[in-house]
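I have placed the structure first, in the form of structure tokens, so that the comments after it can refer back to it.
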2 protein chains.
Amino acid sequence: MPTESPAPVPAPVLAPEIEAATDVINGVRAAWAGLHPELDTAPIDVIGRILRASALVTRAGDEFLARYGLTRGEFDILAALRRQPEPQSPGSLRTVALATGPATTKRLRSLEARMLVDRSPNPADGRGALISLSASGTALIDEVFPALLAVERELLTGIPSGVRPGLVDGLRALLASLESHPEAPTTD
Amino acid sequence: MPTESPAPVPAPVLAPEIEAATDVINGVRAAWAGLHPELDTAPIDVIGRILRASALVTRAGDEFLARYGLTRGEFDILAALRRQPEPQSPGSLRTVALATGPATTKRLRSLEARMLVDRSPNPADGRGALISLSASGTALIDEVFPALLAVERELLTGIPSGVRPGLVDGLRALLASLESHPEAPTTD
DNA sequence: GTACAGTAGTTCACGAGTAAACTACTTTCG
DNA sequence: CGAAAGTAGTTTACTCGTGAACTACTGTAC
């Protein structure tokens, strides 16, 4: 049985006459409030929405990237390589892509097989490798990235311009906090 | 080569003296601005952060749920059943959990095998089934859900209280917009 | 210099989700 | 009524990612 801090009512927030947009999460919180009124479900306001929005955005992005034969994970690697001109180690790519070691190995293998990236031994470390974008890899990411941005821009058109700065500031604060946590990316 | 609308500078937004928290996404946008100054990378401010925050939050949540032998997908189904007292069809669970048909089938099979849910034929429709929470399923979700909320609450402690309302309003507007789109959940 | 702990990266076995095809029932309509 | 179209759900084959174990090299300490 649940026992938590007393819950503030999950009520709307904006001006009286202006009907604030409502989403499924409002309904979810209301349902739990009916079942367990003493439960503070406020974290859902942020985390439930982030997970759901992420699922929808991921779906649209994956569908788009599939037209280029790329997964989101592969795209992340190409983009990371493009942003930093110097060849990078698999480990560094693993970190920026927020991936596990084996996932990085698979992505690199797939990109290498298509000649989108090149692998060379790391002269300074016999265990390591250095990955660099090939010419065709550079061409691909320079084509895909702006097109993906256009898709993403379209997904955001429904946000009223007034709330967007607050959304961005809030997300930046959240992400800065999550990233600073001791939570290591993952296993190798 | 990229060609897009002229880009507003990816600059900080808050008060001058107050140092706004910074995250990896600021660096990502700055790197692209150096490479392709004409590219409007503003969508990353929202979508990049949502995807990254989602990955970190998902990691923490999955790790926690694993202690109870649950995946996030299974948890979503138990929670959906708990919120609505009436038995629900697999299709309705599929929709609220934002899942595909086969994923729902697998999750239900796994929950059934553990006697956490019961399946009965739908008397009103010979094709369909009705899923309901068993007593042990109810007990499990009533134990897990408040504990998961506590984990999530902890993840959010780093957000300054001043920005949180704007974050929630922005996320609600985004999610309401994404959900209203014709984008169907997926295949069956 | 040689042992030993640590790091980089990969391989292996497996788990969750997907798309496409399929079964079985229901609804519509000529 | 009976055929055709639609809907509910599952099965199959496959993909991407994971945790655990492993290889191979590096760096530190004695």
Side-chain angles (χ1 to χ4, degrees), chain A residues 51 54-56 58-67 69-77 87-114 117 119-131 184-188, chain B residues 51 54-56 58-67 69-77 87-114 117 119-131 184-188:
Chain A
L51 294 180
S54 168
L56 294 168
T58 297
R59 182 172 297 162
D62 286 355
E63 191 175 324
F64 173 80
L65 290 171
R67 294 194 228 157
L70 291 175
T71 64
R72 170 62 74 159
E74 289 161 356
F75 169 85
D76 285 346
I77 293 210
Q88 291 174 67
S89 68
S92 135
L93 293 168
R94 189 199 68 109
T95 303
V96 308
L98 232 40
T100 59
T104 306
T105 297
K106 285 194 180 182
R107 293 170 187 178
L108 289 176
R109 182 190 306 291
S110 162
L111 294 170
E112 282 176 69
R114 281 177 279 174
V117 303
R119 172 186 296 257
S120 56
N122 184 341
D125 187 335
R127 298 164 295 186
L130 286 176
I131 311 294
T186 344
T187 170
D188 286 72
Chain B
L51 294 181
S54 169
L56 294 168
T58 296
R59 182 171 296 161
D62 286 356
E63 191 175 323
F64 174 79
L65 290 171
R67 293 194 228 157
L70 291 175
T71 64
R72 169 64 73 160
E74 289 160 358
F75 170 86
D76 284 346
I77 294 212
Q88 290 175 68
S89 68
S92 135
L93 293 168
R94 188 201 68 111
T95 303
V96 308
L98 232 41
T100 59
T104 307
T105 297
K106 284 196 182 180
R107 293 170 186 179
L108 288 176
R109 182 190 306 290
S110 161
L111 293 170
E112 282 176 69
R114 280 176 280 172
V117 302
R119 172 186 296 256
S120 57
N122 184 342
D125 186 335
R127 299 165 295 188
L130 286 175
I131 311 293
T186 342
T187 170
D188 284 73

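Throughout, a chain's letter reflects where its sequence line sits, starting with A, and its residues are numbered from 1.
No hydrogens or angles considered: nothing links the side chains of A/R109 and A/T105 as a donor-acceptor pair under 3.5 Å.
Comment: B/E74 does not engage B/K106 in a salt bridge, judged by the lack of any side-chain N to carboxylate O separation of less than 4.0 angstrom. Between A/E112 and A/R119 there is a salt bridge, with a side-chain nitrogen of the basic residue lying less than 4.0 Å from a carboxylate oxygen of the acidic one.
Counting any heavy atom pair closer than 4.0 Å across all strands shown, A/N122 reaches no nucleic acid atom. Residue A/T104 is classed as having no contact, given no heavy-atom separation below 4.0 Å to the nucleic acid.
The CG atom of A/L108 sits 14 Å away from the C1' atom of D/dC16 (whole-angstrom rounding). For the pair A/R94 CZ and D/dG19 C1', the interatomic distance rounds to 13 Å; values are reported in whole Å. Following rounding to the nearest Å, A/I77 (CD1) and D/dC16 (P) show an atom-to-atom distance of 13 Å. Protein atom CZ of B/R59 is 13 Å distant from nucleotide atom P of D/dG17, rounded to whole Å. As a whole-Å value, the separation of B/L93 CG from D/dT10 C1' is 15 Å. The CG atom of A/L98 sits 14 Å away from the C1' atom of D/dG17 (whole-angstrom rounding). In this structure, the CG atom of A/L130 is 8 Å from the P atom of C/dG9, given to the nearest Å. Remark: P of C/dT23 and CG of B/D125 are 19 Å apart, rounded to the nearest angstrom.
No side-chain donor-acceptor contact under 3.5 Å links A/R107 to the backbone of A/R94.
The side chain of A/R109 places no N or O atom within less than 4.0 Å of a non-bridging phosphate oxygen (OP1 or OP2) of C/dT10. A close approach under 4.0 Å does occur between a side-chain nitrogen or oxygen of B/T100 and OP1 or OP2 of C/dT18. Note on A/R119: a side-chain N or O is less than 4.0 Å away from OP1 or OP2 of C/dT10.
For B/D125, the salt bridge (Lys or Arg N to Asp or Glu O under 4.0 Å) partners are B/R127, not counting sequence neighbours. In this view, B/F75 satisfies the ring-ring contact (aromatic ring centres under 6.0 Å, His included) rule with no residue, not counting sequence neighbours.
Closest to the side chain of B/P102, from the set C/dA20, C/dT26, D/dG17, is C/dA20.
In this structure, B/E74 and A/K106 both approach DNA chain C, and ranking their closest nucleotides by distance from the 5' end singles out A/K106. When the nearest nucleotides of DNA chain D are assigned to B/E112 and A/T71 by heavy-atom distance, the more 5′-ward of the two goes with B/E112.
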Quick one: which protein N/O atoms are closer than 3.5 Å to N/O atoms of nucleotides 1-7 of chain C? Pair and distance per line, please.
unit_1	atom_1	unit_2	atom_2	d
C/dG6	N2	A/R127	NH1	2.8
C/dT7	O2	A/R127	NH1	2.6

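For the pair B/D62/B/T71, no side-chain contact is recorded, criterion being any heavy-atom separation below 4.5 Å from C-beta on.
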